[in-house]
Novice: 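One structure is given below, represented as structure tokens, and several questions about it will come after.
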Amino acid sequence: MKNINRLFKKGLALLPLSMVLLLSGCNSELAVLDPKGPVAQTQKDLILYSVYFMLFIVVVVFAAFTYMVVKYRENRPGRKETDYDPHMHGNNKIEVIWTVIPFIIVIALSIPTVDTLFQLEKPPEVEANEEEQEPLVIHATTADWKWFFSYPEENIETVNYLHIPTDRPIEFKLSSADAMTALWIPRLGGQKYNMAGMMNTHYLEADEEGVYKGRNSNFNGEGFTKQTFEVYAESPEEYDQWVSETQDQAPELTQERYDELLAPGLTEEHEFSSTHLAWVNHGNPEGMDYAINRHFEKYGELMHLESHQDAEDFMDEENNDDHESDRDH
Amino acid sequence: MSSHELKTGPLEYRTEEGRLSILGFWIFLGAEIVLFATLFATYAVLFGRTADAPSPGELFEAKTVLIMTFMLLTSSFTCGIAIHEMRRGSVKGLRNWMIVTLILGLGFLGFEIYEFVHYSHEGATLQSSAYWSSFFTLAGTHGLHVTLGIGWVILLLIQLTQRGLTPKTSRKFFVIGLYWHFLDVVWIFIFTSVYLIGMVV
Amino acid sequence: MQLDEFFVTGEPLIYAGMVSIALVTISMLFFLTYYKKWGWLWREWLTTVDHKKIGIMYILSALAMLFRGGVDAMMMRTQLAFPNMNFLNAQHYDEIFTTHGTVMIIFMAMPFLIGLMNFVVPLQIGARDVAFPYLNALSFWSFLFGAMLFNISFVIGGSPDAGWTSYTPLAGAAMSPGPGQNFYLLGLQLSGIGTLATGINFMVTILKMRAPKMRMFQMPIFTWSTLITSFIIVFAFPILTVALALMTLDRIFGAQFFTLTGEGMPMMWANLFWMWGHPEVYIVILPAFGIFSEVISAFARKQLFGYKAMVWAIILIAGLSFLVWVHHFFTMGAGAFVNSVFSISTMLIAVPTGVKIFNWLGTLYKSKINNTVAMMWALAFIPSFVIGGVTGVMLGMASADYQFHNTYFLVAHFHYVLIAGTVFACFSGLVFWYPKMFGHKLNERLGKWSFWFFVIGFHVCFFPQYFVGLDGMPRRVFTIIPEWMPLNIISTVGAFGMGVGFAIFVFAILYSYRYSEREKTGDSWDNGRTLEWATPTPVPFYNFATLPHIDSQDAYVKLKQEGKTTFEEDEVEPIHMPSNTGQPFIMMAFMFVSGFGLVFEWMWMAIGGLLAVLVMMIIRSFDYDEGFHVEVDEIKRTERSARRL
């Protein structure tokens with residue numbers, strides 16, 4: 001037992017060290033610490049800045065703790081009489097010191113926090129050698145358990161994936177047709193909630209071309225885990241080409257088709273050459289009860305979703321349903 | 001758990017048990033304040049969200065609400081007199097003034113029920129919109145408190161007849177006095193922030 | 001309603017659960033009948049108003065709930081380590097993380113601490129019971145019936161599945177139909193009544209019933225933390241009461257508070273929930289701080305360092321706890337200014353918390369550390385909690401929180417504070433006061449084994465979660481991508497380590513019951529500093545034969561020096577005690593019936609139950625039972641035999 005005791009204490013002392021190692025080792029791999037855009041970069045810088053303070057605190061406390069526990073054990077060989085003072089009740093000087101230092105650390109953390117908070121409310125600032133561009137507006141709307149991305153200026157809409165140009169700020173307009181969700185693309189930046197009946201604005205930007213994972217990060221029921229999407233960040237030329245292809249080749253989104261897609265369930269990727277904003281914006285108070293009025297009964301139904309299943313497994317069923325409802329008409 | 005009884009001071013404070021109960025009840029009223037404050041906050045947040053239901057300005061009637069307010073305020077006053085009579089040691093005074101309080105409380109409750117029924121005929125119910133949900137919950141919670149208070153007073157009046165004024169019965173009357181005044185204070189807030197503002201806006 | 005709708009069907013795990021519940025119930029009924037223990041159960045436990053017995057019942061129920069919540073946790077960990085095994089499907093996983101969270105916070109952490117408060121606080125301040133013993137019994141039964149109402153959802157009707165936070169509109173009637181969510185609402189509502197009553201009870205007890213001359217700043221620190229916790233309970237729980245009531249109105253009576261229709265406002269739920277929820281976090285951590293202070297100062301054989309600073313730190317934390325609720329949803333888009341304010345107020349909590357950490361270290365300075373199991377739990381708390389604390393500050397930085405929110409980084413953080421804080425404290429406190437409660441110590445050797453399994457398992461389980469969170473793994477997902485596999489498997493191994501630790505702990509209880517040496521003195525650890533150790537063991541039901549005059553902190557240290565006891569023979573007077581009563585049990589049983597009816601929207605049952613409760617209240621109003629007096633002779637006899645005089 002004794003040996004384990006000592007081992008454990010050593011282990012405790014090693015914890016902060018292992019934290020540094022893990023952080024630096026995984027630096028390039030952990031999504032949040034591997035930014036591909038200015039927003040995520042700002043957040044990474046802030047996180048690392050705070051980590052240094054935290055490590056300082058951890059080291060100080062662990063060192064003091066180890067010292068106390070080792071030195072003042074009752075049965076430590078070589079204990080002296082002077083090592084025991086049962087009537088010590090406090091010391092004003094040292095108590096003031098250990099109140100003031102954390103206070104200073106809090107101030108040191110507050111300033112960059114508040115600063116970045118205000119920065120993140122605006123489109124990312126342009127670097128010196130780039131020209132300023134109007135942000136690209138994309139309405140990101142969730143419905144159980146899928147994503148609609150509407151590009152009002154381009155008049156196209158995609159489901160469960162999106163294309164964005166690099167080096168241009170994206171202004172996401174977030175809203176939800178039903179439960180509260182959150183848009184999160186870890187490599188591009190932090191998350192924000194999508195809520196029915198109100199609209200959140202969220203700025204992100206990609207510096208590097210690539211395919212990034214995005215998802216809903218706020219629990220909203222059975223299909224939550226599968227409510228993911230992919231972000232294709234590409235050069236402005238490729239992006240423009242994709243836009244015109246979609247405009248030319250994709251079918252138009254009808255309200256009937258949209259209502260069908262809105263029903264709770266999983267669905268595959270789709271693209272359309274028009275947007276649902278033409279008849280409803282779930283970010284307005286008027287659009288708040290659109291989905292629930294149409295699919296009230298379906299929200300209680302279970303999919304019996306298992307981990308190996310994906311949208312395709314449910315598509316057949318959904319299609320069958322469609323045929324049945326067609327026959328009913 | 002000391003059972004020593006003091007020989008002086010108000011009857012309800014003479015036993016340790018009485019003192020503890022009264023302090024406990026004050027703290028309970030503190031919790032009640034938080035409860036009503038939360039309901040008021042909910043009401044304020046949902047104000048104006050009437051959806052398709054009528055707006056409060058169309059339904060609130062100054063006359064009914066004024067009568068209700070008058071009855072409840074008066075009942076608080078008569079309740080105060082009752083406790084004063086109790087302090088003087090008058091069982092009869094306490095009983096009679098408590099009965100007056102009870103009648104006024106019942107009157108208030110009658111008007112409130114009439115009011116709620118009237119609103120529901122006009123198309124404003126708990127279900128019709130967020131605003132009306134919060135209105136009925138706030139006013140209804142107060143009304144429920146008044147109802148419980150009335151039942152409680154009746155029980156205490158029976159006990160008063162059975163046992164007369166003892167440290168225990170007088171403590172019970174003192175506590176319900178606190179409760180009754182508290183409901184009055186809450187009503188003043190409902191009257192101003194719900195009815196007056198509702199009628200104006 | 002069909003029977004197969006009433007019972008949960010189609011899940012082998014749940015069938016197994018049903019069978020084991022049935023078997024346990026039948027065997028309990030059998031043993032009670034066989035050994036003729038029904039009368040004993042009714043007289044000694046179900047009708048008791050003794051704070052010590054109520055405390056013990058709280059702790060035993062909390063241990064049972066810890067088992068239930070722990071099984072939930074292991075099932076989740078199993079699913080995440082082997083996501084392709086289809087151990088749990090999405091729906092089942094959702095139900096399990098919901099019940100895990102709710103059970104652990106509401107039915108485990110709080111009752112465990114309230115149990116310790118019940119047992120210890122009156123003894124620490126030299127009181128013979130709490131201010132309102134009847135109400136205290138009512139609190140306990142409301143908690144137990146609330147917990148039962150919540151737990152039967154497992155086999156009857158279906159469990160809630162919207163998370164322990166139950167965010168609307170997801171948890172509303174439209175998107176979560178059926179009884180599951182109603183169980184959550186009514187189970188919490190029922191036990192919430194009891195918690196509020198406990199808060200009032202302990203405030204009055206501590207403010208009014210301290211031993212003669214004991215000043216506020218001479219109270220033991222655990223009593224202080226209980227007092228402040230009671231304040232938080234009284235001011236936070238009514239918010240929960242209202243929030244739950246509003247959602248109940250929404251779901252059962254068609255109101256439109258949090259709905260998507262009728263211009264409802266779903267986000268108001270999140271606000272109301274966290275206006276209660278954040279103070280709630282401090283309700284479960286402040287008493288833990290109190291326990292650690294007591295244990296550390298007892299086994300360091302040294303006065304607490306910076307007593308006044310400790311008290312003020314608790315008060316400050318309690319005040320700040322009401323001003324930070326928005327940090328639970330920085331990502332709601334309230335704007336940079338609002339987020340800045342709440343960000344700073346959140347980080348400020350680190351200051352008083354830091355003061356407490358340093359004061360504990362100061363207490364260890366120049367001390368004589370006696371490594372008992374209770375002390376080991378308290379010592380392990382300090383470094384573990386610091387990790388949880390500093391990551392909490394990181395989460396408090398709103399702009400960084402956009403990346404941490406709802407990920408495993410957050411999950412790791414709150415488990416680091418709640419397990420290293422609250423759970424370690426529960427174990428530490430239970431081991432520490434165990435001899436006072438049961439008359440024998442817990443086996444130290446088994447205790448050390450359970451300690452090491454649990455603490456190492458805890459770090460192995462939760463430390464990797466910080467990193468998997470930074471890698472973008474959100475909480476509440478039931479299956480994961482291959483990149484997250486290695487860290488998740490490590491986590492699962494750790495979780496099972498904790499499970500082993502808990503099993504050894506339970507075994508230690510049974511083993512010690514049989515083999516531990518019985519206590520001969522009241523001062524079990526030879527270094528008791530506060531009044532509870534001045535009583536003989538087992539504690540007489542009236543606690544103190546005579547009440548000592550207190551004029552210093554660490555009252556018992558002074559008494560020992562002066563050679564005084566709580567039994568000064570010539571000062572003994574008759575003691576007035578309250579009578580036992582079955583009313584609280586019956587009243588809350590009817591409340592349970594009413595709640596059960598409301599869950600299934602059977603109005604006749606709900607109203608019937610409520611009427612029965614009203615009748616019980618009327619009976620109580622006419623109940624002029626004055627209790628009884630313990631005569632001097634009996635006190636002397638009891639004390640002499642307990643003190644072996």
Side-chain angles (χ1 to χ4, degrees), chain A residues 12 22 30-33 43 46-47 50 54 57-58 61-62 64-65 68 72-74 83-87 89-90 95 98-99 102-103 106 109-110 113-114 116-118 120-121 179-180 182 186 190-193 196 200 217-222 225 288-289 292 299-300 302 304-307, chain C residues 83-84 86 89-91 163 167 169-170 174-175 177 260-261 267 301-303 305-306 309 331-333 336 339-340 343-344 347-348 350-351 354-355 357-358 361 364-370 379 382-383 386 390 394 397-400 402-403 405-406 448 467 470-472 474 476-479:
Chain A
L12 272 186
L22 267 167
L30 295 178
V32 167
L33 303 179
Q43 284 164 331
L46 184 65
I47 291 170
S50 68
M54 299 311 155
I57 296 168
V58 168
V61 175
F62 278 36
F65 174 76
M68 302 297 173
Y72 297 109
R73 261 185 311 141
E74 190 177 25
D83 284 347
Y84 185 49
D85 179 7
H87 300 298
H89 54 78
E95 286 182 54
W98 68 43
T99 315
F103 199 76
V106 167
L109 294 174
S110 297
T113 303
V114 172
T116 26
L117 272 173
F118 281 91
L120 295 179
E121 297 283 304
M180 184 171 85
Q191 55 202 296
K192 211 173 225 181
Y193 286 160
N200 262 337
S217 55
N218 187 67
F219 178 70
N220 63 338
E222 201 188 357
T225 308
M288 195 169 162
D289 53 4
I292 206 97
Y299 279 98
L302 284 184
H304 302 288
L305 175 66
E306 294 191 343
S307 41
Chain C
N84 296 322
N86 284 328
N89 67 21
Q91 175 63 20
Y167 273 10
L170 175 64
M175 298 170 77
L260 291 171
T261 50
M267 298 336 298
R301 296 169 191 275
K302 191 162 165 280
Q303 192 177 341
F305 192 90
T331 52
M332 200 182 268
N339 282 357
S340 299
S343 208
I344 293 169
M347 285 191 271
L348 277 178
V351 178
V355 167
I357 296 276
F358 288 120
L361 291 175
L364 293 177
Y365 179 67
K366 293 208 170 185
S367 67
K368 272 190 194 166
I369 297 172
N370 188 355
L379 289 179
I382 294 176
V386 166
V390 293
M394 289 170 72
M397 301 165 67
S399 29
Y402 295 164
Q403 285 282 30
H405 184 60
N406 273 347
K448 284 184 182 169
F467 298 95
L470 286 176
D471 201 21
R476 296 172 171 178
V477 290
F478 81 110
T479 176

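To find a chain, count down the sequence lines: A is the first, B the second, and so on, and within it residues start at 1. Only heavy atoms go into these numbers, but all of them, side chains included; no hydrogens, no water, no symmetry mates.
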Novice: Quick check for you: to the nearest 0.5 Å, what is the distance between C:Lys368 atom NZ and A:Arg73 atom CZ?
Specialist: 14.5 Å

Novice: Taking all heavy atoms of C:Pro177 and all of A:Gly300, pick out the closest pair and write down the distance.
Specialist: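 Answer, listing the atom of C:Pro177 first, then A:Gly300: CG-CA, 3.5 Å.
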
Novice: For C:Phe358, which residues count as a ring pair (Phe, Tyr, Trp, His ring centres under 6.0 Å) partner, sequence neighbours excluded?
Specialist: A:Trp98

Novice: Between A:Asp289, A:Leu109, A:Thr225, A:Leu120, who has the most heavy-atom pairs with chain C when the cutoff is under 4.5 Å?
Specialist: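 Most heavy-atom pairs within the cutoff with chain C belong to A:Thr225.
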
Novice: Show, in sequence, the C-alpha distance, side-chain angles and deciding distance for C:Tyr402 and A:Leu117, and conclude whether the side-chain contact (heavy atoms from CB on, under 4.5 Å) test is met.
Specialist: CA-CA 10 Å; C:Tyr402 295 164; A:Leu117 272 173; 3.3 Å; yes

Novice: Tell me, side chain or backbone of A:Ile292 under 4.5 Å from chain C's heavy atoms, or both, or neither?
Specialist: side chain

Novice: Using non-hydrogen atoms and a 4.5 Å limit, figure out which bit of C:Leu364 sits close to chain A: side chain, backbone, both or neither.
Specialist: both

Novice: Below 4.5 Å, heavy-atom pairs only: which of C:Asp471, C:Leu170, C:Asn370 has the largest tally toward chain A?
Specialist: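 So the answer, after comparing C:Asp471, C:Leu170, C:Asn370, is C:Asp471.
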
Novice: Please test C:Met394 against A:Ile47 for side-chain contact (heavy atoms from CB on, under 4.5 Å), starting from the C-alpha separation and ending with a verdict.
Specialist: CA-CA 7 Å; C:Met394 289 170 72; A:Ile47 291 170; 4.1 Å; yes

Novice: Mind listing the closest non-hydrogen atom pair of C:Gly472 and A:Ala31 along with its distance?
Specialist: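 Looking at all heavy atoms of both residues, the closest pair is N-CB, 4.4 Å.
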
Novice: Determine, step by step, whether A:Val114 and C:Ile344 satisfy the side-chain contact (heavy atoms from CB on, under 4.5 Å) criterion, reporting the C-alpha distance in whole Å, the side-chain angles of both residues, the deciding distance to 0.1 Å, and the verdict.
Specialist: CA-CA 9 Å; A:Val114 172; C:Ile344 293 169; 4.1 Å; yes

Novice: Give a yes or no answer on whether the side chain of A:Gln191 reaches the backbone of C:His405 with a donor-acceptor pair at less than 3.5 Å.
Specialist: yes

Novice: If I take atom CG from residue C:Asn339 and atom CD from residue A:Glu121, how far apart are they, to the nearest 0.5 angstrom?
Specialist: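 With rounding to 0.5 Å, CG (C:Asn339) is 7.5 Å from CD (A:Glu121).
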
Novice: Indicate yes or no: at least one non-hydrogen side-chain atom of C:Phe478 is less than 4.5 angstrom from one of A:Ser307.
Specialist: yes

Novice: Check whether A:Asn200 gets within reach of chain C through its side chain, its backbone, both or neither, counting any heavy atom under 4.5 Å.
Specialist: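 It is the side chain, since no backbone atom gets that close.
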
Novice: So, taking the atom named CE in C:Met332 and the one named CE in A:Met180, what distance separates them when rounded to the nearest 0.5 Å?
Specialist: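 Going from CE on C:Met332 over to CE on A:Met180, the span is 5.0 Å.
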
Novice: Of all of A:Ala64, A:Pro102, A:Pro186, A:Ala182, which one pairs up most often with chain C through heavy atoms under 4.5 Å apart?
Specialist: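 Going by pairs under 4.5 Å, I would pick A:Pro186.
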
Novice: What part of C:Ser343 gets within 4.5 angstrom of chain A, counting heavy atoms only: side chain, backbone, both, or neither?
Specialist: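 When you check distances to chain A, only side chain atoms of C:Ser343 fall under 4.5 Å.
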
Novice: I need the minimum non-hydrogen distance between C:Gln303 and A:His87, along with the two atoms involved.
Specialist: OE1-O, 3.7 Å

Novice: With heavy-atom distances below 4.5 Å as the criterion, would you say the side chains of A:Thr99 and C:Val351 are in contact?
Specialist: yes

Novice: Do you know which of A:Ala196, A:Pro86, A:Gly221 has the most heavy-atom pairs with chain C at a distance under 4.5 angstrom?
Specialist: A:Pro86

Novice: Who wins among A:Ile57, A:Thr116, A:Val32, A:Asn218 for the most heavy-atom pairs under 4.5 Å with chain C?
Specialist: A:Val32

Novice: Determine, step by step, whether C:Leu379 and A:Phe65 satisfy the side-chain contact (heavy atoms from CB on, under 4.5 Å) criterion, reporting the C-alpha distance in whole Å, the side-chain angles of both residues, the deciding distance to 0.1 Å, and the verdict.
Specialist: CA-CA 9 Å; C:Leu379 289 179; A:Phe65 174 76; 4.1 Å; yes

Novice: Which bit of A:Glu95 comes within less than 4.5 Å of chain C, counting heavy atoms only: side chain, backbone, both or neither?
Specialist: side chain

Novice: Rounded to the nearest 0.5 Å, what separates atom NE2 in A:His304 from atom CD in C:Gln91?
Specialist: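 Going from the NE2 atom of A:His304 to the CD atom of C:Gln91 covers 8.5 Å.
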
Novice: Side chains of A:Glu222 and C:Asn89, heavy atoms from C-beta outward: is any pair under 4.5 Å?
Specialist: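 SC-SC contact between A:Glu222 and C:Asn89 ruled out.
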
Novice: Hey, what do you get for CG (A:Asp85) to NZ (C:Lys366), rounding to the nearest 0.5 Å?
Specialist: 6.5 Å

Novice: To the nearest 0.5 Å, how far apart are OH in A:Tyr84 and CD1 in C:Ile369?
Specialist: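 Spacing of OH (A:Tyr84) from CD1 (C:Ile369) equals 11.5 Å.
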
